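What follows is a short report on a single structure.
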There are 2 protein chains.
Amino acid sequence: MQDSHASATTQKTIEETIVSGILSARIRPGTRLSENQLATLFGVSRTRVREAMMRLETRGIVHVSPRRGWFVVEPSAEDAIAVYEARRVIEAGLLRSMRSLTDAGHEALAAHLNEEKGALASGDRQRLTYLMGDFHIRIAELSGNGILVDILRDLTARTILISMLYQSEFHAAQSHDGHCRIFEAMQAGDFVRAAELSVEHLDEVEMGLDLTSRPDPLSELRNSLSLPPRAVSPVSQPFRPKKP
Amino acid sequence: MQDSHASATTQKTIEETIVSGILSARIRPGTRLSENQLATLFGVSRTRVREAMMRLETRGIVHVSPRRGWFVVEPSAEDAIAVYEARRVIEAGLLRSMRSLTDAGHEALAAHLNEEKGALASGDRQRLTYLMGDFHIRIAELSGNGILVDILRDLTARTILISMLYQSEFHAAQSHDGHCRIFEAMQAGDFVRAAELSVEHLDEVEMGLDLTSRPDPLSELRNSLSLPPRAVSPVSQPFRPKKP
DNA sequence: CGTGGCTATCTTGCATACAAGACAGAAAAG
DNA sequence: CTTTTCTGTCTTGTATGCAAGATAGCCACG
């Protein structure tokens with residue numbers, strides 16, 4: 001799973017390598033992903049690198065700036081809000097739909113929370129970041145629904161990119177507490193409460209972001225010129241006079 | 001949007017064309033999508049067709065059988081159940097998270113339901129299929145969350161493929177009623193009720209499926225031999241002797 | 001000192017060429 | 001007549017080549 005010098009027989013490992021690099025906060029938002037570099041790194045031609053990039057693009061993890069390069073996405077403040085909103089909707093809906101916690105599920109979550117505790121004590125920040133995101137994926141896995149797991153994995157990856165951009169400080173202990181409370185509610189069979197706690201937890205994390213600062217340093221200038229927030233769709237931009 | 005003989009300046013139209021073809025039930029599950037045919041049809045080379053296929057594959061709409069070809073997915077019974085489960089989770093979560101129905105939203109839904117009514121009267125089945133799926137996408141659009149819209153669009157596409165495989169008869173009138181009831185609850189500001197109705201509605205549609213018949217005609221044989229349900233992941237298949 | 005333009009180089013976009021597997025149909029063997 | 005094998009054809013898999021845009025650095029010019 002952590003194959004640094006990828007072997008020659010690589011198939012979709014390149015995609016997974018990048019995603020897991022993001023999930024463990026080793027790859028920062030805005031990182032340039034050169035087709036050539038990845039090709040030599042993985043011992044394949046650009047063709048397959050390109051395929052991986054295309055897939056990552058549809059997963060919302062990477063984007064291409066034409067003739068300039070591929071970059072790990074740098075979610076805007078609006079993107080960040082949308083990601084958290086989507087996660088609240090899906091995770092709360094997921095917990096509400098649950099009816100019981102199996103023994104295997106109980107064990108998996110307990111083991112995970114124990115790992116969180118250990119990482120918290122050791123202060124391994126990368127591992128902590130990974131575990132904090134993975135908790136939510138583990139919950140999705142309890143549902144046995146692979147579709148929701150995939151969706152939440154990609155959203156979690158984006159969440160981590162967001163936190164790398166906007167999170168001033170990492171309240172890991174607080175997050176861990178939130179996870180524990182969710183687990184307790186699930187243990188008690190109160191999945192409605194677990195859903196509420198999940199929403200609160202995501203709210204907390206989102207509130208811990210500073211969505212006014214980091215990216216797009218031109219935002220102030222942009223605002224003062226009353227230009228559109230971002231170039232989302234290059235087509236059908238209404239005419240906008242330069243000087244009123 | 002419905003460019004039959006696609007122009008030379010086609011970028012991601014090929015992807016959208018296929019998806020919209022599915023959404024309007026013009027493309028059946030299992031349809032073979034030849035790279036060469038699509039390439040000549042769209043006036044591009046295989047390279048770009050391939051890129052579109054890769055993207056559609058990560059969206060769960062198409063799959064490739066190595067050296068045999070690309071095919072529109074034929075969801076298994078398990079897939080079907082998972083898709084409906086995911087839709088219930090997300091759509092219910094979405095409605096529960098709503099706080100008010102704007103005037104624009106009211107108008108959009110009312111107009112849509114009117115279209116449904118018209119199609120129901122005229123008996124245009126393809127149009128009806130499209131509209132029945134689109135209703136749920138419209139609701140997602142009300143949230144203003146593009147992430148959820150994209151997710152639900154892909155799930156809706158899969159739902160339509162599922163209904164083409166397993167739905168013996170199309171209870172369009174019943175679905176339309178369900179949509180109307182959801183709309184009424186939203187108008188009343190009772191989004192919890194709307195979420196419940198949405199779950200019931202999806203349950204109804206799912207119950208209308210016959211998940212034992214159509215696809216994988218070998219399922220009976222497979223069961224009687226107690227073989228695994230489907231070849232999902234070719235790797236890490238445990239050894240299985242041919243003759244016990 | 002500042003500014004505009006030119007070029008060298010690096011990037012992706014896209015098409016094409018070739019390799020290799022899968023399949024169908026004919027031909028041969030029983 | 002049935003079965004098997006072989007071969008031609010069609011499919012995707014992958015690499016490579018070339019074109020065109022973007023960028024940075026340099027140089028000339030004001």
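As the structure is a prediction and not an experimental result, all values here were calculated from the model. Every chain is numbered from 1 and lettered A, B, ... according to where its sequence line falls, protein lines coming before strand lines.
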* Asked: Do any N or O atoms from the side chain of B:Thr17 and from the backbone of B:Thr13 form a donor-acceptor pair under 3.5 angstrom?
  -> yes
* To do: Would you confirm whether A:Asp134, through its side chain, and A:Ile137, through its main-chain N or O, come within 3.5 Å as a donor-acceptor pair?
  =>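 A pair under 3.5 Å: no.
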* Would you mind telling me which residue lines up with the more 5' stretch of DNA chain C, A:Gln37 or B:Arg67, judged by nearest nucleotide? =>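 Between the two, 5'-proximity favours A:Gln37.
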[X] has an atom [atom1]; how far is it from atom [atom2] of [N], in whole Å?
X	N	atom1	atom2	result
A:Asn36	C:dT12	CG	P	7 Å
A:Glu51	C:dT12	CD	P	15 Å
A:Phe71	C:dC10	CZ	C1'	12 Å
A:Phe42	D:dT14	CZ	P	15 Å
B:Trp70	C:dG21	CH2	P	18 Å
B:Arg46	D:dT11	CZ	C1'	8 Å

* **B:Thr47 vs C:dC14: side-chain N/O to OP1/OP2 distance below 4.0 Å** =>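 Looking at the OP1 and OP2 atoms of C:dC14, neither is under 4.0 Å from any side-chain N or O of B:Thr47.
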* Asked: Between D:dG21 and A:Arg68, is there an OP1 or OP2 to side-chain N/O distance shorter than 4.0 Å?
  ->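 Looking at the OP1 and OP2 atoms of D:dG21, neither is under 4.0 Å from any side-chain N or O of A:Arg68.
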* To do: Could you check which of C:dA15, D:dA15, C:dT12 has an atom nearest any side-chain atom of B:Ser45?
  =>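 Selected nucleotide: C:dA15.
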* To do: Would you confirm whether the ring centroid of B:His201 sits within less than 6.0 angstrom of the ring centroid of B:His136?
  => yes
* If you look at every strand shown and take non-hydrogen atoms under 4.0 Å, does A:Ser34 touch a base, only sugar-phosphate, or nothing? -> sugar-phosphate
* To do: Check the pair B:Thr159 / B:Arg87 against side chain to side chain donor-acceptor pair (under 3.5 Å), numbers first and verdict last.
  => CA-CA 9 Å; B:Thr159 303; B:Arg87 284 191 58 181; 3.0 Å; yes
